[in-house]
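Throughout, residue positions are numbered sequentially from 1 according to the sequence presented.
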Amino acid sequence: MFVLVEMVDTVRTTPWQFERKLNDSIAEELNKKLANKVVYNVGLCICLYDITKLEDSYIFPGDGASHTKVHFRYVVFHPFLDEILMGKIKGCSPEGVHVSLGFFDDIVIPPESLQQPAKFDEAEQVWVWEYVTEEGAHDLYMDIGEDIRFRVVDETFIDTSPTGPSTSESASSTTAEETQRKEAPYTLVGSISEPGLGLLSWWTNN
């Protein structure tokens, strides 16, 4: 679920931080820059693990700050495909069941990846597994806040970095679409279609 990623960056240290240890100042700046941010095709950055190398620092004309090239390792949330994770149901919609890990919310289990047969209850706004037994079918509701075990089956990274200004003709047509989408930079797709996956209450009560 968590991996160590080797990174390289140039860190700017302001003059009023010169009285501190350089490692401490750089560690603070790296966490300010990366913590809780998604790096494209890398994952969600959590915290600095360690600094492996500091190159020479330079002060450029007109800038009193020092600039240091830093080699470091960062703790990143990036589960591998087929990994089993535990989360809580954050909500349900016709698009599927939305799951949260507490620190990461962009997880969706689409309808085709739920335990089947499943249906969406419009009145309750929850998904329901129509569990069939010898005694007949029983509706098992996927309520908000329930613990859920799921398998990671896919991931999507979207580059949300700023782009250049649009032309006046296309700007009006794209602005509405961009506002409506507001896609997450990193999304996980889960599945609970196998036995043993799904709400913990389903399996602990049977």
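- Across Gly87 and Val99, no two heavy atoms sit closer than the pair CA-CG1, 4.0 Å.
- Heavy atoms from other residues, nucleotides or ligands lying under 6.0 Å from CD of Glu112 number more than 12.
- Hydrophobic clustering of Ile, Leu, Val, Met, Phe, Trp and Tyr side chains at less than 4.5 Å, counting indirect connections, unites Leu4 with Ile46.
- In this structure the side chain of Lys69 reaches within 4.5 angstrom of the side chain of Val8, judged on heavy atoms.
- Lys32 has a carboxylate O that lies under 4.0 Å from a charged side-chain N of Glu28, or vice versa, which qualifies the two as a salt bridge.
- Contact check for Asp139 versus Trp129: no side-chain heavy atoms found under the 4.5 Å cut-off.
- To the nearest 0.5 Å, atoms CD (Gln115) and OH (Tyr131) are separated by 9.5 Å.
- When every heavy atom of Val76 is checked against every heavy atom of Val42, the shortest pair comes out as CG1-O, 3.6 Å.
- Screening Phe104, Phe103, Phe80 for a ring pair (Phe, Tyr, Trp, His ring centres under 6.0 Å) with Phe2, the sole residue that qualifies is Phe103.
- When side chains are defined from C-beta on, Val38 does not count as touching Phe77, because their heavy atoms never get closer than 4.5 Å.
- Residues Arg151 and Glu194 meet the side-chain proximity criterion, which asks for heavy atoms closer than 4.5 Å.
- For NZ of Lys37, the number of neighbouring non-hydrogen atoms (other residues, nucleotides, ligands) closer than 6.0 Å is greater than 12.
- Of all heavy-atom pairs between Ile51 and Ala27, the closest is CD1-N, 4.3 Å.
- Qualifying ring-ring contact (aromatic ring centres under 6.0 Å, His included) partners for Tyr49, counting only residues two or more places apart in sequence or in other chains: none.
- Rounding to the nearest 0.5 Å gives a distance of 6.5 Å between SG of Cys47 and CG of Asn31.
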List the steps, then state whether side-chain contact (heavy atoms from CB on, under 4.5 Å) holds for Phe150 with Leu114. CA-CA 10 Å; Phe150 63 96; Leu114 300 173; over 6 Å; no
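- For the side chain to side chain contact (heavy atoms under 4.5 Å, CB included) test with Leu199, the passing option among Ile192, Asp147, Ile148, Asp143 is Ile148; the others fail.
- Nearest approach of Pro94 to Pro111, heavy atoms of both residues: O-CG, 3.5 Å.
- Between Ser66 and Phe18, the closest heavy-atom pair is OG-CE2, 3.7 Å.
- Looking at heavy atoms from C-beta onward, Glu155 lies in side-chain contact with His78 at the 4.5 angstrom threshold.
- Salt bridge annotation for Lys119-Glu130: present, with a cationic side-chain nitrogen under 4.0 angstrom from a carboxylate oxygen.
- Between His98 atom NE2 and Ile89 atom CD1 the span is 11.0 Å, to the nearest 0.5 Å.
- Looking at Val128 and Leu140, their side chains never come closer than 4.5 Å, going by heavy atoms from C-beta outward.
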Run the side-chain contact (heavy atoms from CB on, under 4.5 Å) test on Ile107 and Leu101 for me, step by step, so that the C-alpha distance in whole Å, both residues' side-chain angles and the decisive distance to 0.1 Å come before the verdict. CA-CA 9 Å; Ile107 305 170; Leu101 298 179; 3.6 Å; yes
Cut-off 3.5 Å, no hydrogens considered: what does the side-chain donor-acceptor table look like for residues 55-62, sequence neighbours left out?
unit_1	atom_1	unit_2	atom_2	d
Glu55	OE2	His71	NE2	2.8
Ser57	OG	Thr68	OG1	2.5

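- Under the 4.5 Å side-chain contact rule for hydrophobic residues, Leu188 and Tyr40 share a cluster.
- In this structure, Ile109 and Val189 have side chains that are not in contact, with every pair of non-hydrogen atoms separated by 4.5 Å or more.
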Could you walk me through whether Leu54 and Leu22 pass side-chain contact (heavy atoms from CB on, under 4.5 Å), step by step? CA-CA 9 Å; Leu54 291 177; Leu22 182 59; 4.1 Å; yes
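- Expressed to the nearest 0.5 Å, how far OG of Ser25 lies from CD of Gln17 amounts to 4.5 Å.
- Atom NZ in Lys21 sits 13.5 Å away from atom CD1 in Ile26 (nearest 0.5 Å).
- Side-chain contact check for Cys92 versus Ile144: every heavy-atom pair is 4.5 Å or farther apart.
- A continuous path of hydrophobic side-chain contacts links Met1 to Tyr186 [ILVMFWY only; heavy atoms under 4.5 Å].
- Interatomic distance, Met7 CE to Thr52 OG1, rounded to the nearest 0.5 Å: 12.0 Å.
- Residues Val39 and Val75 do not share a hydrophobic cluster, defined by chaining ILVMFWY side chains whose heavy atoms lie under 4.5 Å apart.
- Checked by atom type, the side-chain pair Thr187/Asp106 shows no donor-acceptor distance below 3.5 Å.
- Under the 3.5 Å distance criterion, with hydrogens and angles disregarded, no donor-acceptor pair is assigned to the side chains of Tyr74 and Asp9.
- Contact between Arg73 and Leu48 at its shortest, heavy atoms only, is O-CD1, 3.5 Å.
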Which donor-acceptor pairs under 3.5 Å do the side chains of residues 120-127 make with protein atoms, sequence neighbours left out?
unit_1	atom_1	unit_2	atom_2	d
Asp121	OD1	Ala123	N	3.0
Asp121	OD1	Glu124	N	3.0
Glu122	OE1	Gln125	NE2	3.4
Gln125	NE2	Glu122	O	2.8
Trp127	NE1	Ser93	O	2.8

Could you go through Val152 and Asp82, starting from their C-alpha distance and side-chain angles, then the distance that decides it, and tell me whether this counts as side-chain contact (heavy atoms from CB on, under 4.5 Å)? CA-CA 5 Å; Val152 178; Asp82 288 332; over 6 Å; no
